[in-house]
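Just so we're clear, the structure is a prediction, and the values are computed from it rather than from any experiment. In what follows, every chain begins at residue 1, and chains take the letters A, B, ... in the order their sequences are listed.
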Amino acid sequence: MINEAPRVRFAPSPTGYLHVGGLRTALYNYLFAKHNNGKFILRIEDTDRNRYVESAVDNLIKALKWAGLQYDEGPDIGGIFEPYIQSQRLEIYKKHTDELIAKGEAYYCFCTPERLKNLKEEQEKKKLPQTKYDKHCLNLSTSEIENNLSNKIPYVVRLNVLPDQKIIFCDAIRNRVEFDSNNVDDQVLIKSDGYPTYHLANVVDDHLMKITHVIRGEEWISSTPKHVLLYDAFGWERPTFAHLPLLLNPDRSKLSKRQGDVAVEEYRDKGYLKEALINFVALLGWNAGDDREFYYLNELVEAFSLERVNKSGAVFDIVKLNSLNAEHLRKKPNEEILEMLRARIQETEFKIQNYSDEFLLMIIEAMKERVSFVHEFIDNCKYFYEAPKEYEKKAIEKNWKPETPMQLRKLRDAFSRLENPTKEDYEHALAKVSEELVIVKGKLIHPLRFAVSGQSTGPGVFDLLFILGKEEVIKRIDAAFENIKN
RNA sequence: GGCGCGUUCGUCUAGUGGCUUAGGACACCGCCCUCUCAAGGCGGGGAUCACGGGUUCGAAUCCCGUACGCGCUACCA
């Protein structure tokens, strides 16, 4: 196993969407695989028929691909160990379970849900430290079992956990972890519907698919003893386990839907860049040991190592995500932003307009350092797309003094005399008017921006004028005389 | 309750026995730049390294307890 290229898997259960915690697990698996020239595999763990969700697998795959985490083997692309969907591997689990039963490592259990429920209640009443199955069916004779089987009495298959064993395993992130087998229940391996539980399916598949490293969330650490026992029962070599710290809500509980968005799809739809989400989520529990915080996916591959993953949970801080999004957006070429902006425009009332690339590119250049999201190239500067319908209330007083209309009229007239004005032409014209009026340029600049955009903030005013064009500028100044009442 | 895992600024984190008066980032505040807002630059406040014992000449760093938090405790993953 030493020096062999690692094989890792992301094994989500299809619940309808990709959880950001799942994204991070997938990412770490991907990074580890790619860093070590190994393989990254997607396997669908759909052994719970009660939780079956239509098209969940498609969503999962779509979200993973959107994020750029391309796997080497998976349900839609196949691979040498297909199928990669557990519900299509039922015979495999059956075969391996039979083997375990033959070895005495597992046994049939015909207990009814009622008996199980009573057993549990009794144990709770006795204030036993833990509730466990009492191995009742372990004592069934061969003929009893055969009889039950031929009478089609529903059954499950349980793992036969021997008492008083120390179960020790190594975790790449937490080092040595030890459990007492007395605390491990005779876990159900095959459910009465014939489907395997996660514990069985995961071990069988990981072995068959030659998975070398099991990198998964910390919530699995408590059930790892069962998995270890299974590897031993089959006589298989154990993979290396690496249990990742949890992603947390602001109140430090496990990241959940109740306290904000958890679906990758929601972040995508809200306008987060995949680069930012990946970068952000990578840093939640890992760092290279230096001060660097800005990474692209390929750079993460380069820098990643399991040894530098933290042990403690990390709060998902949306504010920091936002700032990373802004940073990634600023670094993007304008042409790329243009594509995204056009897509966004299609979602607004401006979709019927026919904006030129040149025009939108100017907006992007002017606004790039003032936005955090692509949609803010629209939302934060509607005035580029339409004349202001209203004027920022609290800014009127500051920007619209009694003498303002007179001064702006002079400016308007100066502008109207310009021919195909450049930015500089506007600037010179304004300088000249301010000289004539014997006022500082600011006295003209701020009311001008306000008249033209309806806002008191925004890009440099001469950029604003140039982008809008002379005709529109004059129209808007005139409109302002009508609309702004002080 | 039992078992397990964890605990450095509000948050993400650096730190693997002396380089640490604990460093960086986000957020917050101030200054510079400046036509505004940003971006950028500079600076500030903010962590008795959960607590208590040890080990050591010396501990955020090693050991032991305690507290707190979280996870698991299903015929769910």
Side-chain angles (χ1 to χ4, degrees), chain A residues 11-15 45-51 86 109 111 113 116 120 124 127-132 154-158 171 173-174 177-180 182-185 187-199 201-202 216-225 243 245-246 248 250-254 280 283-294 310-324 326-327 330 366-372 380 395 398-399 427 430 440-450 453 455-462 464:
Chain A
S13 83
T15 51
E45 310 245 336
D46 59 343
T47 55
D48 184 357
R49 289 197 293 179
N50 299 320
R51 290 217 287 184
Q86 290 187 328
C109 171
C111 290
L116 261 19
K120 192 172 179 177
E124 276 165 1
K127 296 253 191 293
L128 257 40
Q130 73 256 197
T131 60
K132 275 170 64 179
Y155 67 90
V156 301
V157 177
R158 288 181 182 275
D171 188 286
I173 294 165
R174 287 150 222 281
V177 182
E178 182 178 325
F179 285 83
D180 186 327
N182 294 324
N183 294 316
V184 180
D185 204 355
Q187 181 62 48
V188 169
L189 265 20
I190 297 284
K191 299 180 261 187
S192 57
D193 64 5
Y195 279 64
T197 58
Y198 169 85
H199 304 98
N202 138 274
R216 74 226 309 188
E218 188 191 296
E219 68 267 30
W220 291 110
I221 208 162
S222 301
S223 35
T224 304
H243 288 97
L246 258 23
L248 311 174
D251 71 357
R252 306 203 74 86
S253 57
K254 187 169 151 184
F280 175 64
L283 261 15
L284 253 28
W286 172 87
N287 75 86
D290 52 27
D291 287 339
R292 184 168 178 194
E293 299 207 345
F294 187 91
N310 289 150
K311 293 173 166 63
S312 53
V315 173
F316 191 94
D317 179 15
I318 196 89
V319 178
K320 188 150 185 173
L321 206 209
N322 291 346
S323 82
L324 254 184
E327 204 177 337
R330 256 179 267 130
M367 292 299 293
K368 208 174 182 181
E369 282 169 353
R370 281 161 251 264
V371 301
S372 299
N380 290 7
K398 198 169 176 208
N399 291 304
E427 196 163 356
L430 184 139
V440 295
K441 288 190 280 188
K443 289 269 186 239
L444 249 25
I445 284 173
H446 298 297
L448 174 60
R449 169 184 291 108
F450 190 63
S453 73
Q455 293 182 201
S456 60
T457 65
V461 80
F462 302 111
L464 175 60

Counting only side-chain nitrogens and oxygens, does Lys398(A) get under 4.0 Å of the OP1 or OP2 atom of U36(B)? no
Rounded to the nearest Å, what distance is computed from the CG atom of residue Asp171(A) to the C1' atom of nucleotide C5(B)? 10 Å
Base contacts versus sugar-phosphate-only contacts with protein, heavy atoms under 4.0 Å: please encode nucleotides 13-24 of chain B as B, S and - from 5' to 3'. SSSB------BB
I'd like the C1' distance from G52(B) over to A67(B), given in whole Å. 10 Å
Say we look at C37(B) and A77(B): how far apart would their C1' atoms be, to the nearest angstrom? 49 Å
C68(B) versus A27(B) - spacing of their C1' atoms, nearest Å: 26 Å
P atom, U36(B) versus C12(B): distance in rounded Å? 37 Å
Mapping Glu218(A) and Ser253(A) to their closest nucleotides on RNA chain B, which lands nearer the 5' end? Glu218(A)
Could you work out the separation of U61(B) and U16(B) based on their P atoms and round it to a whole Å? 12 Å
If you measure from the C1' atom in C76(B) to the same atom in A22(B), how many Å do you get, rounded? 44 Å
Would you say that Pro196(A) contacts Gln86(A) through its side chain, given a criterion of any heavy-atom pair below 4.5 Å between the two side chains? no
Integer angstrom distance from the C1' of C64(B) to that of U56(B): 16 Å
Rounded distance in Å - CZ (Arg330(A)) to P (C37(B)): 17 Å
Among the nucleotides G10(B), C5(B), C75(B), which one has an atom lying closest to any side-chain atom of Asp317(A)? G10(B)
Evaluate whether atom NZ of Lys191(A) has more than 12 neighbouring non-hydrogen atoms of other residues, nucleotides or ligands under 6.0 angstrom away. yes
Within the structure provided, determine whether Ile445(A) and Leu430(A) are in side-chain contact (heavy-atom separation under 4.5 Å). yes
Return no unless some side-chain N or O of Lys127(A) is found under 4.0 Å from OP1 or OP2 of G2(B). no
Could you measure the distance from the NZ atom of Lys254(A) to the CZ atom of Arg252(A)? Nearest 0.5 Å is fine. 15.5 Å
Would you say Asp48(A) and Tyr195(A) make side-chain contact, with heavy atoms under 4.5 Å? no
Look at atom NZ of Lys132(A) and say whether more than 12 heavy atoms of other residues, nucleotides or ligands are closer to it than 6.0 Å. yes
With C1' as the reference atom in both, quote the distance from C19(B) to A25(B) in angstrom, rounded to an integer. 23 Å
